[in-house]
There are 2 protein chains.
Amino acid sequence: MSYITDQILESLREARARKGFSQRELSARSGVPQSHISKIESGGVDLRISSLIALARVLDLELFVAPKKSVPAIKSIIRSAQGHDEDGEQSAPAYSLDGDADE
Amino acid sequence: MSYITDQILESLREARARKGFSQRELSARSGVPQSHISKIESGGVDLRISSLIALARVLDLELFVAPKKSVPAIKSIIRSAQGHDEDGEQSAPAYSLDGDADE
DNA sequence: AAGAATGATATATTTTAACATATCAAAATA
DNA sequence: TATTTTGATATGTTAAAATATATCATTCTT
């Protein structure tokens, strides 16, 4: 029901969200049309490697092939590398030092 | 000069060699035509995910996307998981106990 | 040396990703 | 509330992957 792997699909969606990109912005940066990104993220397309790599690059992701037996170790690494809300989403700090100094 | 990543390309070629499959045998097992496998392995094709996954499955490989920053750690894992001639290539043992016992 | 197996290459056809573009309903923001 | 932004969806076109099939030179086998 989806040409692409769940791991890849989720990583794409999550990385875009993390970076705070809209599909249109990702489109502008990667060169892949927004309409196509939508199809890709919904898993309904058997996309080409070049498309996947183009998206991955803007999202600071890299594509791999690994022996099945090393998969658990790799997934564990990936989890620890991003799992603990690695920020991205440049947001205002929880508090800052300006505004009318009061309180 | 090659749509696909070097890491992927090498892994495909190396995994097939390790398993001792000819392109024709890999073709039979994966459903991907031999002529196409040849093109893929030479890097001259922007192949679709489904083709890559089909080949990977037969070769006991898995496709991934990982954050760029975790790439070095992952590559190190991959190296240690296969690097030290992981055999495959079921070959005759270096010596065996039969034949006319002499020498 | 003869025969089989291998990887590369070629041609013609079918299938489909990728594209440009536009629209839509829902969600976010003004 | 009015406006913008967002993701999903639709249509028609183009480019290219994928297929089936066959051939060829080279490398293993026998």
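- Between A:Gln23 atom CD and D:dT5 atom C1' the separation is 12 Å, expressed in whole Å.
- The shortest heavy-atom contact between A:Ser30 and A:Leu55 is OG-CD2, 3.5 Å.
- Within 4.0 Å of A:Arg13, counting heavy atoms only, lies no atom of the nucleic acid at all.
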Return all side-chain donor-acceptor pairs below 3.5 angstrom for residues 32-40 of chain B, not counting sequence neighbours, or 'none' if the list is empty.
residue: B:Gln34; atom: NE2; partner: B:Gln23; partner atom: OE1; Å: 2.9

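- Looking at A:Glu62, its side chain never comes within 3.5 Å of a backbone N or O of A:Ala56 through a donor-acceptor pair.
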- request: Assign a letter to each nucleotide of nucleotides 10-20 of chain C from its 5' end: B, base within under 4.0 Å of a protein heavy atom; S, sugar-phosphate only; -, no contact.
  value: B-----BBSBS
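- Side-chain N or O atoms of A:Arg13 include one that pairs as donor or acceptor with a backbone N or O of A:Glu41 at under 3.5 Å.
- A donor-acceptor contact shorter than 3.5 Å is absent between the side chain of A:Ser76 and the backbone of A:Pro72.
- The two atoms that bring B:Phe21 and B:Arg16 nearest to each other are O-NH1, 2.9 Å, heavy atoms only.
- In terms of position on DNA chain D, the residue among B:Gln34 and A:Ile37 whose nearest nucleotide sits closer to the 5' end is A:Ile37.
- Between the two ends of the helix from C:dA4-D:dT27 to C:dA30-D:dT1, each summarised by a five-pair axis, the helix axis turns through 50° (rounded to 10 degrees).
- Using a 4.0 Å cut-off, some side-chain N or O of B:Ser38 falls inside it from OP1 or OP2 of C:dA8.
- Computed from coordinates, the B:Leu26 CG to C:dA5 C1' distance equals 16 Å when rounded to whole Å.
- In summary, B:Lys19 and B:Glu25 do not engage in a salt bridge, as defined by a charged side-chain N under 4.0 Å from a carboxylate O.
- Between the CD atom of B:Glu41 and the P atom of C:dT9 there is a distance of 12 Å, given to the nearest Å.
- Rounded to whole Å, the distance from CZ on B:Arg16 to P on C:dT6 is 10 Å.
- Between B:Ile78 and A:Pro67 there is a side-chain heavy-atom pair separated by less than 4.5 Å.
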